[in-house]
Amino acid sequence: MDAVHFSAERAAGVRLTSPAMPPSRVDKMLRRIGELLVRNQATIRAGQWVVVAIYALLVVVPAVLPLPQRTAHIWTNLTLFAQFVFWGIWWPFVLLSMVLVGRAWCGLLCPEGALSEAASARGKGLAVPHWIKWKGWPFVAFAGTTVYGQMVSVYQYPKPTLVILGGSTLAAMVVGYLYGRSKRVWCRYLCPVSGVFGLLAKLAPLHFRVDRDAWRAWRKPGGAKVSPVNCAPLVPIHDMRGGSMCHMCGRCSGFRDAVTLARRSPNHEIVHVTGSEPKPVETLLIVFGLIGLAVGAFHWISSSWFIDVKQASAEWLVDRSIVWPLEPLAPWWILINYPEQNDALSLLDGVVLIGYLLASTVIIGGALSGCLMAATRVLGRWSAARFHHLAQSLIPIAACGVFLGLSSLTVTMLRAEGLALDLAGALRLGLLTGACAWSGWLGWQIAALYARTRSSHFAAMLPLILAVAVAGASWATLFWRF
Ligand code: SF4
């Protein structure tokens with residue numbers, strides 16, 4: 001970290017409510033919600049089992065049913081209904097919930113987390129090995145799942161959904177059974193979307209705030225020892241300064257009179273906390289994963305570049321009498337292969353698809369990294385910590401793009417059911433514009449922490465605005481160019 005310019009005083013930031021101020025009605029209401037969560041853990045667990053049952057039904061049953069006819073509807077066909085629930089509602093709106101209420105989905109409803117914790121309660125309780133704690137997992141797991149999901153068309157077919165979601169759930173249970181005691185080791189280290197959720201939760205206006213002074217000063221009446229809280233995702237609660245790792249389960253609410261469900265500025269964690277805890281894997285995830293790779297994953301299916309490269313490669317092969325790569329030889333669990341649906345990828349398609357995703361990741365991620373590096377350098381001597389801090393400013397545009405990309409499936413499915421959804425285009429434009437403005441504002445605030453002069457602050461904004469423009473334009477081409 002650039003210790004000279006990133007001062008603790010500037011980084012400390014502001015709270016919406018000062019401890020010296022009397023709590024407002026909203027603060028009191030949030031405190032009561034926190035208390036409700038503590039008191040109703042049994043009910044929450046019962047709710048989680050209901051979600052597990054619905055999840056199992058929607059993941060497993062469609063995989064053994066015949067594929068829907070072209071005349072089938074969401075409301076009359078379980079496979080289409082499950083597809084709509086998983087990819088049209090669940091996935092985009094879980095992402096949105098992260099920005100609104102933090103990782104409450106993880107702590108209160110997620111079936112995978114609940115199953116992993118239940119397995120851990122009855123499992124071997126082994127210590128978590130080093131390979132699980134490898135810091136690169138959030139990016140590798142997200143990228144691997146995204147690429148494989150495109151290769152097998154997970155949004156469209158139920159068997160790949162069973163392989164990816166069911167496989168992930170099975171792995172979560174095995175990891176839970178082996179490691180930790182009543183913990184969510186899988187969620188903390190290995191879940192393919194945990195890193196993404198952690199990034200989005202930084203924008204949430206709610207979090208569990210820890211008052212460290214109250215924590216230290218607290219004594220149990222009578223001096224007896226206090227029993228610790230079981231924080232399943234292994235958050236060091238006394239040290240928690242943000243909502244990124246917290247699953248909002250509420251178990252620690254009120255603990256030692258120091259933990260409170262509270263509101264905060266949605267910018268606070270990114271501007272005032274992440275700078276002192278730089279995580280390169282988060283930069284990889286934002287710049288190369290959530291923007292570079294995700295843009296390619298949403299683009300390729302309708303991309304004229306994809307078709308051009310494929311055709312040119314096919315002609316090159318045919319000219320040399322090499323035709324086997326043009327056949328759909330791989331099974332459905334490696335590449336899309338549904339001849340009865342007239343939907344199959346040849347080996348060449350698969351290679352071009354992977355190349356397209358790789359190119360999108362490298363080109364867009366590289367352009368964004370270049371802009372962030374330039375901004376870092378304008379603000380002083382090179383500092384990797386400052387670079388990673390500036391990268392966090394792109395979280396709103398990354399989150400908005402992924403939400404819009406996923407919700408495009410919602411729109412497509414609802415239009416196929418006869419809903420016009422005329423306002424979808426205007427809403428998309430409004431959301432993208434707002435997300436770009438938010439990212440720009442975060443960039444401005446972060447740069448202010450490091451700028452020595454007003455002119456260097458303004459100069460740093462040029463590459464930062466360019467980065468926001470590159471990210472925004474990459475997402476915009478999904479709806480208005482391809
Ligand atoms: S920090 Fe508290 S609210 Fe967050 S996951 Fe741990 S126990 Fe639950």
Side-chain angles (χ1 to χ4, degrees), residues 15 27 29-48 51 94 97-121 128 132-133 138 172 175-176 179-191 193-216 218 226-264 266 268-269 273-274 277 279:
R15 285 176 176 168
D27 298 325
M29 187 189 71
L30 290 175
R31 192 179 288 259
R32 273 200 295 277
I33 292 174
E35 288 162 2
L36 266 178
L37 289 174
V38 182
R39 282 203 301 271
N40 291 284
Q41 286 294 313
T43 313
I44 291 168
R45 267 192 292 279
Q48 286 170 342
V51 179
V94 163
S97 79
M98 298 294 149
V99 178
L100 298 177
V101 290
R103 300 181 65 169
W105 162 264
C106 301
L108 304 178
L109 293 169
C110 176
E112 200 162 291
L115 285 167
S116 189
E117 188 177 341
S120 175
V128 183
I132 284 187
K133 294 182 182 173
V175 168
Y179 305 113
R181 178 65 67 205
S182 297
K183 295 289 184 276
R184 297 186 176 199
V185 174
W186 169 265
C187 310
R188 168 69 194 267
Y189 297 107
L190 297 172
C191 169
V193 286
S194 182
V196 176
F197 287 174
L199 289 173
L200 270 55
K202 293 184 187 194
L203 299 169
L206 296 179
H207 72 143
F208 278 96
R209 188 174 65 211
V210 181
D211 183 333
R212 292 190 196 188
D213 293 337
W215 182 288
R216 274 193 295 270
W218 188 86
V226 63
S227 22
V229 171
N230 174 31
C231 176
L234 301 152
V235 181
I237 302 172
H238 67 283
D239 215 18
M240 184 167 68
R241 295 172 63 209
S244 185
M245 291 199 303
C246 169
H247 283 198
M248 303 289 279
C249 70
R251 291 176 202 173
C252 64
S253 182
F255 188 61
R256 297 175 74 112
D257 290 337
V259 186
T260 326
L261 182 60
R263 62 205 167 108
R264 62 177 182 176
H268 177 82
E269 186 168 346
V273 176
T274 50
E277 301 168 351
K279 291 184 182 155

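Counting begins at 1 with the first residue of the sequence. Note that ligands are numbered from 1 as they come in the structure, with each ligand's atoms numbered from 1 the same way.
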Which of these, Arg184, Arg188, Arg103, sits in a side-chain hydrogen bond (donor to acceptor under 3.5 Å, both in side chains) with Ser194?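 The passing option is Arg103.
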So, taking the atom named [atom1] in [X] and the one named [atom2] in [Y], what distance separates them when rounded to the nearest 0.5 Å?
X: Asp239; Y: Arg212; atom1: CG; atom2: CZ; answer: 4.5 Å
X: Ser182; Y: Asn230; atom1: OG; atom2: CG; answer: 5.5 Å
X: Arg209; Y: Leu30; atom1: CZ; atom2: CG; answer: 10.0 Å

Answer yes or no: is there an ion pair linking Arg251 with Glu117, defined by an N-O contact shorter than 4.0 Å?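 So Arg251 pairs with Glu117 through a salt bridge.
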Taking only heavy atoms of Pro233, which atoms of ligand 1 are found under 4.0 Å from at least one of them?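 Near Pro233, the atoms of ligand 1 are 5 (S).
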Are the side chain of Ser120 and the backbone N or O of Gly180 linked by a donor-acceptor pair below 3.5 Å?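 Looks like yes, one N/O pair under 3.5 Å.
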Going by chain and residue number, what protein N/O/S atoms come nearer than 2.8 Å to atom 2 (Fe) of ligand 1?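 Under 2.8 Å from atom 2 (Fe) of ligand 1 - ignoring waters, which are not counted - the protein N, O or S atoms are Cys252 SG.
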